[in-house]
Amino acid sequence: MSILIAYWTSSGNTGLIADAIKEGITASGQSADLRMVSDITPQEAAKYDKIALGCPSMGVEQLEEFEFEPFYAALKEHISGKKIILFGSYGWGDGEWMRNWEEDVRASGALLVKDGLTVNETPDDDAKEAAKALGQALVKA
């Protein structure tokens with residue numbers, strides 16, 4: 001089983017969540033490739049069995065539009081039937097970007113393992129534990 005954690009981050013907060021998800025995956029006895037979306041093509045990402053996608057809320061509660069959105073738009077053509085988890089940080093709003101993203105992933109035919117993880121600003125210890133549990137849930141799915 002191959003697992004990818006692909007994310008975009010500006011402040012580093014979403015990267016910290018990605019690191020914690022990877023810890024949860026490795027604690028479950030699996031390995032995962034951790035990649036920023038600038039370092040992997042959607043076609044390469046589509047080859048993985050399970051995928052964790054991370055992007056913070058940007059602008060008016062939307063996915064980052066210059067790197068992450070184009071990556072995700074190309075990838076979603078290939079995720080039908082794949083087990084997916086979503087995560088990201090935010091500094092304002094109520095998580096609308098995550099709800100919209102979840103809906104879009106489901107409409108693409110992917111199987112969301114759990115609801116997306118949203119973390120306000122820098123992840124604290126509780127958020128890191130939630131991220132580890134999310135990684136473990138992806139392994140078990």
Side-chain angles (χ1 to χ4, degrees), residues 1-124 126-141:
M1 167 181 49
S2 60
I3 302 174
L4 171 67
I5 305 165
Y7 69 98
W8 184 90
T9 190
S10 174
S11 67
N13 293 337
T14 299
L16 293 171
I17 301 166
D19 290 339
I21 288 171
K22 184 171 181 175
E23 285 182 47
I25 291 168
T26 57
S28 295
Q30 295 292 322
S31 62
D33 291 336
L34 181 65
R35 309 279 291 275
M36 293 208 40
V37 295
S38 58
D39 297 331
I40 189 169
T41 68
Q43 294 76 21
E44 291 169 327
K47 294 177 183 175
Y48 286 81
D49 299 315
K50 298 179 181 184
I51 304 171
L53 294 171
C55 183
S57 172
M58 302 295 290
V60 184
E61 292 220 50
Q62 62 194 39
L63 297 173
E64 189 277 328
E65 64 185 327
F66 298 108
E67 281 188 77
F68 191 85
E69 176 58 35
F71 172 86
Y72 171 66
L75 176 63
K76 75 179 182 177
E77 298 173 17
H78 307 284
I79 61 173
S80 182
K82 289 193 184 282
K83 294 177 180 171
I84 305 278
I85 58 173
L86 305 176
F87 63 96
S89 61
Y90 68 99
W92 59 89
D94 71 350
E96 178 183 359
W97 105 99
M98 183 60 72
R99 292 189 300 275
N100 292 340
W101 192 12
E102 289 171 336
E103 185 178 308
D104 192 60
V105 167
R106 285 186 186 104
S108 298
L111 307 169
L112 277 181
V113 172
K114 295 190 90 163
D115 289 343
L117 175 63
T118 58
V119 176
N120 188 295
E121 302 290 349
T122 304
D124 60 14
D126 289 341
K128 288 178 184 175
E129 287 303 315
K132 288 178 190 176
L134 190 60
Q136 292 169 341
L138 183 60
V139 169
K140 293 175 184 172

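The model shown is predicted, which means the values in this text are computed figures rather than measured ones. Atoms considered below: every heavy atom in the structure, side chains included; atoms not considered: hydrogens, waters and symmetry mates.
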For this session: Please assess Leu138 against Ile3 for the test side-chain contact (heavy atoms from CB on, under 4.5 Å), listing each intermediate value before the final yes or no.
Result: CA-CA 9 Å; Leu138 183 60; Ile3 302 174; 3.8 Å; yes

With heavy-atom distances below 4.5 Å as the criterion, would you say the side chains of [X] and [Y] are in contact?
X	Y	result
Tyr72	Asp104	yes
Tyr7	Ile21	no
Lys114	Leu134	yes
Phe71	Leu53	yes
Leu16	Thr9	no
Trp97	Val60	no
Ile5	Ile25	yes
Cys55	Thr14	no

Measuring from [X]:[atom1] to [Y]:[atom2], what's the distance to the nearest 0.5 Å?
X	Y	atom1	atom2	result
Ile51	Ser2	CD1	OG	8.5 Å
Ile79	Arg106	CD1	CZ	11.5 Å
Gln43	Glu77	CD	CD	9.0 Å
Asn13	Thr122	CG	OG1	4.0 Å

Problem set entry | Salt bridge Arg99-Glu96, side-chain N to carboxylate O under 4.0 Å |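 Looking at Arg99 and Glu96, the cut-off is not met.
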
For this session: Indicate yes or no: does Lys82 engage Asp49 in a salt bridge with an N to O separation below 4.0 Å.
Result: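 Salt bridge absent between Lys82 and Asp49.
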
Distance-minimising heavy-atom pair for [X] and [Y]:
X	Y	value
Ala130	Leu117	CB-CD1, 4.0 Å
Leu34	Lys22	CB-CD, 4.1 Å
Ala110	Ile84	CB-CG1, 3.6 Å
Met98	Gly88	CE-N, 3.9 Å
Ala131	Ala20	CB-CB, 3.6 Å
Thr26	Glu23	OG1-O, 3.0 Å

Exercise. Do Tyr48 and Asp33 have side-chain atoms, one donor and one acceptor, less than 3.5 Å apart?
Worked result: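 Their side chains do contain a donor-acceptor pair, which is all the 3.5 Å distance test asks for.
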
For this session: Assess the side chains of Trp8 and Glu67: does a donor N or O sit below 3.5 Å from an acceptor N or O?
Result: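 Note: Trp8 and Glu67 side chains meet the donor-acceptor criterion.
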
For this session: Tell me whether the centres of the aromatic rings in Trp101 and Phe68 are closer together than 6.0 Å.
Result: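 They qualify: ring centres under 6.0 Å apart.
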
Do [X] side-chain atoms and [Y] backbone N/O form a donor-acceptor pair below 3.5 Å?
X	Y	answer
Glu64	Ser57	no
Lys50	Ala141	yes
Glu102	Gly116	yes
Glu44	Thr41	yes

For this session: Quick one: do Glu61 and Asp94 satisfy side-chain contact (heavy atoms from CB on, under 4.5 Å)? Show the steps, please.
Result: CA-CA 8 Å; Glu61 292 220 50; Asp94 71 350; 3.3 Å; yes

For this session: Tell me, yes or no, whether the heavy-atom count around Glu103 atom CD, taken from other residues, nucleotides or ligands under 6.0 Å, exceeds 12.
Result: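 It does not: Glu103 CD has 12 such atoms or fewer within range.
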
